[in-house]
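Contents: one structure, followed by commentary.
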Protein chains: 2
Amino acid sequence: MPATSHEHDRLIRKLESIGDLSAGEKAAIGRLPLDVRVFGAGTDLVREGDRPSHSCLIVEGMTCRYKMTGDGQRQIMAFHLPGDIPDLQSLHLQTMDHGLGAITRTTAALIAHESLYELFRAHPSIGHLMWRDTLIDAAVFREWLVGVGRRSAYSRIADLLCELFVRARAVGLTHGDTMELPITQSELGDALGLSAVHVNRVLQELRADGFISSRGRTLVINDWPGLEKAGDFDPTYLHIRRMAA
Amino acid sequence: MPATSHEHDRLIRKLESIGDLSAGEKAAIGRLPLDVRVFGAGTDLVREGDRPSHSCLIVEGMTCRYKMTGDGQRQIMAFHLPGDIPDLQSLHLQTMDHGLGAITRTTAALIAHESLYELFRAHPSIGHLMWRDTLIDAAVFREWLVGVGRRSAYSRIADLLCELFVRARAVGLTHGDTMELPITQSELGDALGLSAVHVNRVLQELRADGFISSRGRTLVINDWPGLEKAGDFDPTYLHIRRMAA
DNA sequence: CGTCTAATTGAAGCATCTCAACATGCGTGG
DNA sequence: CCACGCATGTTGAGATGCTTCAATTAGACG
């Protein structure tokens with residue numbers, strides 16, 4: 001594996017979107033031992049109850065974190081893009097209290113917790129940056145909580161689309177006002193606390209109101225200011241420092 | 001201030017509920033410089049948009065973290081008990097994306113971020129424990145998300161009562177099957193994404209079903225297994241290691 | 001005691017759900 | 001390259017959990 005592979009680059013680009021890295025730190029990250037694996041759509045990368053000894057860097061594909069309720073309903077709590085390490089928390093929380101599932105076919109690079117501890121020992125500020133990343137994670141949960149608790153379905157969906165677009169843009173995964181969004185309406189419902197049927201109707205409204213359109217799995221933003229307003233969206237909670245080039 | 005004051009004890013007791021501390025670490029925490037302040041009920045300890053240079057250790061009183069939506073509704077995202085440091089995150093996230101409010105008259109000990117950095121440098125494992133604490137925070141947000149997104153009002157309220165009781169017990173704030181719960185029904189509503197009226201009706205149901213009762217601001221658990229079942233409660237997400245003596 | 005906040009009750013409305021049918025698109029094997 | 005099959009998206013109609021508004025009662029506190 002070259003000193004700085006495609007996989008390492010994903011991680012570096014992500015970390016640079018939320019903070020600063022020196023050349024030496026980038027080089028050290030580039031030397032992280034990675035174990036690259038592929039997961040089929042619909043499979044779990046990590047299950048609730050697992051006690052992992054590694055964390056997963058998403059390299060390609062869309063993943064989500066979710067919990068099942070006692071009566072078999074699903075709540076999706078976050079969507080994750082390439083560059084994210086959704087289960088970084090398992091570094092300090094032994095038992096997974098939720099699952100990590102692949103929405104599309106996903107490539108992930110497994111990083112041993114031991115390697116991370118070593119990296120942080122040599123470069124404490126990388127540790128701080130990763131702590132920061134888990135804090136941003138928490139900020140996103142809080143924002144979703146506001147949405148599900150207090151916003152209308154219309155506003156909630158608009159807000160989520162804004163979030164996904166801004167996060168994708170921060171790591172260079174958008175093309176103009178367009179991004180790949182391989183999430184079904186049923187999954188959107190499980191994320192927003194809505195039924196798939198209602199998601200469908202509200203998406204039609206958002207299209208009719210001229211904010212968005214879609215070609216297959218591609219989302220097109222037609223009116224960004226309008227969508228932001230409809231979603232009461234304020235990107236502060238994402239704590240993004242800078243956009244990818 | 002004595003080497004280990006009441007304020008320091010609160011923090012030590014909290015950290016011991018989620019992990020281990022050596023004698024030396026406890027002593028180091030006992031030497032943390034604290035600036036004790038009192039906040040009236042209904043006032044803010046920290047406001048959305050602030051860029052704090054310290055974090056707040058709650059010593060007495062009930063506090064909450066909340067956000068306001070564009071149309072003036074409030075969503076409470078967490079309740080905090082003595083021993084908690086609700087805005088520990090401001091250590092690595094410059095701008096507060098939500099407020100920290102006092103529900104009752106609250107005593108808080110301000111800890112300069114500088115002091116924390118110094119403590120972590122000398123005792124890295126205290127830093128890890130505090131990282132762990134912010135991760136548990138995030139786990140609680142996730143659990144609330146599941147409740148608000150996918151559970152009935154009845155189940156959601158039962159779940160919240162279970163959480164508060166277990167957390168209070170972990171830091172020694174319960175008396176038998178009783179605890180102080182100075183939260184109004186309107187605040188419960190803002191936390192659970194419900195109207196105060198509906199909270200009232202559901203609380204009556206929970207009392208009628210024999211799970212709980214209340215004397216003034218004191219909550220009494222009459223049927224713990226029943227309440228757990230009603231709330232689909234599983235304490236795993238709290239990641240508590242051990243109960244206070 | 002009077003005042004203010006919190007809790008309680010009733011009644012009407014609506015955002016969203018559930019169920020059920022039908023349409024569309026897409027991957028795959030014949 | 002067409003036909004089949006299955007996942008996803010779309011539509012309609014009826015049901016409901018929770019909301020809103022508005023009034024009343026109970027508690028706490030000077």
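Naming convention: chains lettered A, B, ... in sequence-line order (proteins, then strands); numbering from 1 in each chain.
- Between A/D44 and A/R47 there is a salt bridge, with a side-chain nitrogen of the basic residue lying less than 4.0 Å from a carboxylate oxygen of the acidic one.
- Positionally, the nearest nucleotide of DNA chain C for B/E187 lies more toward the 5' end than for the other of B/E187 and A/L194.
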* Mark up nucleotides 23-30 of chain D, 5' to 3', with B wherever a protein heavy atom is under 4.0 angstrom from a base atom, S wherever such an atom reaches only the sugar-phosphate, and - elsewhere. => --------

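- The ring pair (Phe, Tyr, Trp, His ring centres under 6.0 Å) analysis of residues 158-183 of chain A, with sequence neighbours excluded, yields the pairs A/F165-A/W224.
- In this structure, a donor-acceptor pair under 3.5 Å is absent between the side chains of B/H54 and B/D35.
- Checked against A/S213 for a side chain to side chain donor-acceptor pair (under 3.5 Å), the options A/T178, A/T218, A/N222 give a single hit: A/N222.
- Distance check, rounded to the nearest 0.5 Å: CG of A/L181 to OG1 of A/T174 gives 12.5 Å.
- Residue contacts for B/R207: at a heavy-atom cut-off of 4.0 Å it reaches the sugar-phosphate backbone alone, with no base atom in range.
- Considering only heavy atoms from C-beta on, A/V46 comes within 4.5 Å of A/C56 through its side chain.
- Position along DNA chain D of the nearest nucleotide to A/Q204 versus B/V202 favours A/Q204 as the more 5'-ward residue.
- Atom pair A/E205:CD and D/dT10:C1' shows a separation of 14 Å (rounding to whole Å applied).
- Contacts of A/G193 with the nucleic acid, taken as non-hydrogen atoms under 4.0 Å apart, involve only primed sugar atoms and P, OP1 or OP2.
- Not one side-chain nitrogen or oxygen of B/N200 sits closer than 4.0 Å to the OP1 or OP2 atom of C/dA7.
- For B/H198 and C/dA11, the NE2 to C1' distance is 15 Å, given to the nearest whole Å.
- With values rounded to the nearest 0.5 angstrom, B/Q185 atom CD is found 11.0 Å from B/R201 atom CZ.
- Taking atom CG of residue B/L188 and atom P of nucleotide C/dT8, one finds them 12 Å apart after rounding to whole Å.
- Looking at the side chain of A/T184, the nearest of the listed nucleotides C/dT9, D/dG9, C/dT18 is D/dG9.
- Ion pairing of B/R207 with B/D209 is absent here, as no side-chain N (NZ or NE/NH1/NH2) approaches a carboxylate O to less than 4.0 Å.
- A salt bridge is absent between B/E60 and B/R105; no separation between the charged side-chain nitrogens and carboxylate oxygens falls under 4.0 Å.
- In this structure, the CD atom of B/Q185 is 7 Å from the C1' atom of C/dA6, given to the nearest Å.
- Under the 4.0 Å criterion applied to side-chain N and carboxylate O atoms, B/R167 and B/D84 are assigned as salt-bridge partners.
- The CG-P distance, from A/L203 to D/dG9, rounds to 9 Å in whole Å.
- Among the atoms of the strands shown, none is found under 4.0 Å from any heavy atom of A/G42.
- Contact check for B/T63 versus B/L45: side-chain heavy atoms found under the 4.5 Å cut-off.
- Between the CD atom of B/Q73 and the C1' atom of D/dT19 there is a distance of 11 Å, rounded to whole Å.
- Contacts between residues 150-162 of chain A and DNA chain C, defined by a heavy-atom separation below 4.0 Å, involve A/S152, A/A153, listed by number.
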Give each protein N/O atom lying under 3.5 Å from an N/O atom of nucleotides 12-16 of chain D, with the pair distance.
residue : atom : partner : partner atom : Å
D/dG12  : N7   : A/R201  : NH1          : 3.2
D/dG12  : O6   : A/R201  : NH2          : 3.3
D/dA13  : N6   : A/R201  : NH2          : 3.2

Indicate every side-chain donor-acceptor pair of residues 187-196 of chain B with a distance under 3.5 Å to a residue at least two apart or in another chain.
residue : atom : partner : partner atom : Å
B/E187  : OE1  : B/T184  : N            : 2.9
B/E187  : OE1  : B/T184  : OG1          : 3.3
B/D190  : OD1  : A/R150  : NH2          : 2.8
B/D190  : OD2  : B/R74   : NE           : 2.9
B/D190  : OD2  : B/R74   : NH2          : 3.2
B/S195  : OG   : B/H198  : N            : 3.2

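- Side chain to side chain, A/Y237 and A/E163 meet the donor-acceptor criterion of an N or O pair below 3.5 Å.
- For the helix from C/dC1-D/dG30 to C/dG30-D/dC1, the end axes, each set by the C1' atoms of five terminal pairs, are bent relative to each other by 50° (nearest 10°).
- Counted within 6.0 Å of CZ on B/R217, heavy atoms from surrounding residues, nucleotides or ligands total 12 or fewer; the atom is thus considered open.
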